[in-house]
Amino acid sequence: MKYTSTINIPQFQEDLITWFEKEQRQLPWRENQDPYRVWVSEIMLQQTKVDTVIPYFQNFMEHFPTLTALAEANEQKVLKAWEGLGYYSRARNLQTAVKEVVAQYDAKVPNDPKQLADLKGVGPYTKGAILSIAFDKAEPAVDGNVMRVLSRILRIEEDIAKAKTRKTFESVVRDVISEENPSAFNQGLMELGALVCTPKKPSCLLCPVQEHCVAFSDGVEQSLPIKKKKIKQSLHTYFVLVVQDDAGNYLLEQRPDQGLLAQLWQFPMVKADEVDEKHLSAYVQEKFDVNVVEMKDLEPVKHVFSHLTWFLNVKHVTVKGDMTVPGHMEHLSKEEIKQYPLPVSHQNIYKQL
DNA sequence: GACGCGTGGCA
DNA sequence: TTGCCAAGCGT
């Protein structure tokens, strides 16, 4: 289910478009509907702020005022005009696409969605932006602003970090877009997202469509949109030291009382990047003041947490001598260990004993 | 579907 | 300081 809320769509369209016509910023690419200029501006605006783009756009148009001029330009000169703007493949792809338009479409930007989509650097958003802004076609142009604004207006609680969520919002836009003025409607959504319905602290009291906004009405506008953070699935590699003395007892350590697996017990662990494997024996002798008699590999254990992965190289270490037991550790028989709470990964080690 | 791609502004 | 973001796209 996309959403369950309902709004007065014609009134929403009118309020949004009226606000956009009155409050829109005067930007160089809004001087006319030239598809080439719209196209260049949309490419430059990808992941880039308006204020950053303005001087680049003006300079670019002076150097390459027409689609044909850009197609015939020296690539190095194009890149020079892009210098500092970032994402340089945008510039190369744009010139590739412009050459394609010259060759295939008589130097006229196509207004066919499929033909546009085949152009290098023109994805779903840019395609919709060109179709609606340059050609007045009622096509969705869903960017981050649109997802944020509509997730609030309709209280759509989907994760906008997921790629496929864009399609959900394209479908939503098809439901609510103004067929009469899709250009102002699409731009109005984006302009509203940039000026009013901002990611942090949206200016709801000034919002021209406040009365349509379900999130505002429900008091949840601050917690939308839902955007789950990408968590690096980092890999943490350890040596696990199953230290057994000549009486058959094992060493267990308690984890810190904050953080991952707080206060649980485990066989002593050392990060693999903190001690070289060939120095493990010396490490054990030094740390526990014992003589290492034998060291044998047990089966390694892999454990996946929600946000990280442990890879545990397990060493069974037989020692001799009176062991120095640090404060956060215990010296326990195999039977006594059963009384202690272990993480699953260390239960899997215990099973090997 | 996840990742790399640039840069500048902001808290 | 460090993360997070800002009109995405290609691979």
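Please read all numbers here as calculations on a predicted model, not as lab measurements.
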Nearest listed nucleotide, side chain of A:Lys164, among B:dG1, C:dT11, C:dG8: B:dG1

For A:Lys120, report the nucleic acid contact type (base, sugar-phosphate, nothing); a contact means any heavy atom under 4.0 Å. sugar-phosphate

What is the distance, rounded to the nearest whole Å, between atom CD1 of A:Ile160 and atom C1' of C:dG8? 13 Å

Assign each of A:Lys200 and A:Gly86 the nucleotide of DNA chain B bearing its closest heavy atom; nearer the 5' end lies the nucleotide of A:Gly86

Looking at residues 29-52 of chain A, who's got a heavy atom less than 4.0 Å off DNA chain B? A:Gln47, A:Thr48

Want to settle it: does A:Ser89 or A:Ala163 sit nearer the 5' end of DNA chain B, counting the closest nucleotide to each? A:Ala163

Report yes if a side-chain nitrogen or oxygen of A:Tyr88 is closer than 4.0 Å to either non-bridging phosphate oxygen (OP1 or OP2) of B:dT7; otherwise report no. yes

Where the side chain of A:Asp143 is defined as all heavy atoms beyond and including C-beta, which of B:dG1, C:dT11, C:dG8 is the nearest nucleotide? C:dG8

Given atom CG of A:Asn93 and atom P of C:dC9, what is their separation to the nearest angstrom? 11 Å

Taking the side chain from A:Arg37 and the backbone from A:Pro28, do they hold a donor-acceptor pair closer than 3.5 Å? yes

For A:Glu83 and B:dT7, give me the distance from atom CD to atom P, rounded to whole Å. 10 Å

Using whole Å, report how far NZ of A:Lys228 lies from C1' of B:dG1. 16 Å

Between C:dC5, C:dG10, B:dG6, which one does the side chain of A:Tyr87 approach most closely? B:dG6

Please report whether the ring centroid of A:Phe57 lies less than 6.0 Å from that of A:Trp29. yes

note: A:Lys127, atom NZ; C:dG8, atom C1'; distance rounded to Å ~ 13 Å

Would A:Phe64 and A:Phe60 count as a close aromatic pair, with their ring centres under 6.0 Å? yes

Just by distance, no angles: are the side chains of A:Gln11 and A:Asp15 close enough, under 3.5 Å, to form a donor-acceptor pair? yes

So what does A:Gly84 hit on the nucleic acid, given a heavy-atom distance under 4.0 Å: a base, only sugar-phosphate, or nothing? sugar-phosphate

Taking A:Asn59 for the side chain and A:Pro55 for the main chain, is one N or O donor matched with an acceptor at less than 3.5 Å? no

Distance, nearest 0.5 Å, that separates CG of A:Asn348 from CG of A:Leu312: 9.5 Å

Nearest whole angstrom, please: distance from the P of B:dT7 to the CD1 of A:Ile54. 20 Å

Once you measure the plane-to-plane angle for A:Phe267 and A:Tyr350, does it fall in the parallel (<30°), tilted (30-60°) or perpendicular (>60°) bin? parallel

For the pair made of CZ in A:Arg90 and C1' in B:dG4, what is the distance, rounded to whole Å? 14 Å

Can you measure A:Arg92 atom CZ to C:dC9 atom C1' for me and round it to whole angstrom units? 13 Å

So which nucleotide from C:dG10, C:dG8, C:dC5 ends up closest to the side chain of A:Thr126? C:dG8

Is it true that a side-chain atom of A:Arg92 and a backbone atom of A:Leu79 form a donor plus acceptor pair closer than 3.5 Å? no

Using the P atoms only, state how far C:dT11 lies from B:dG6, rounded to an integer number of Å. 14 Å

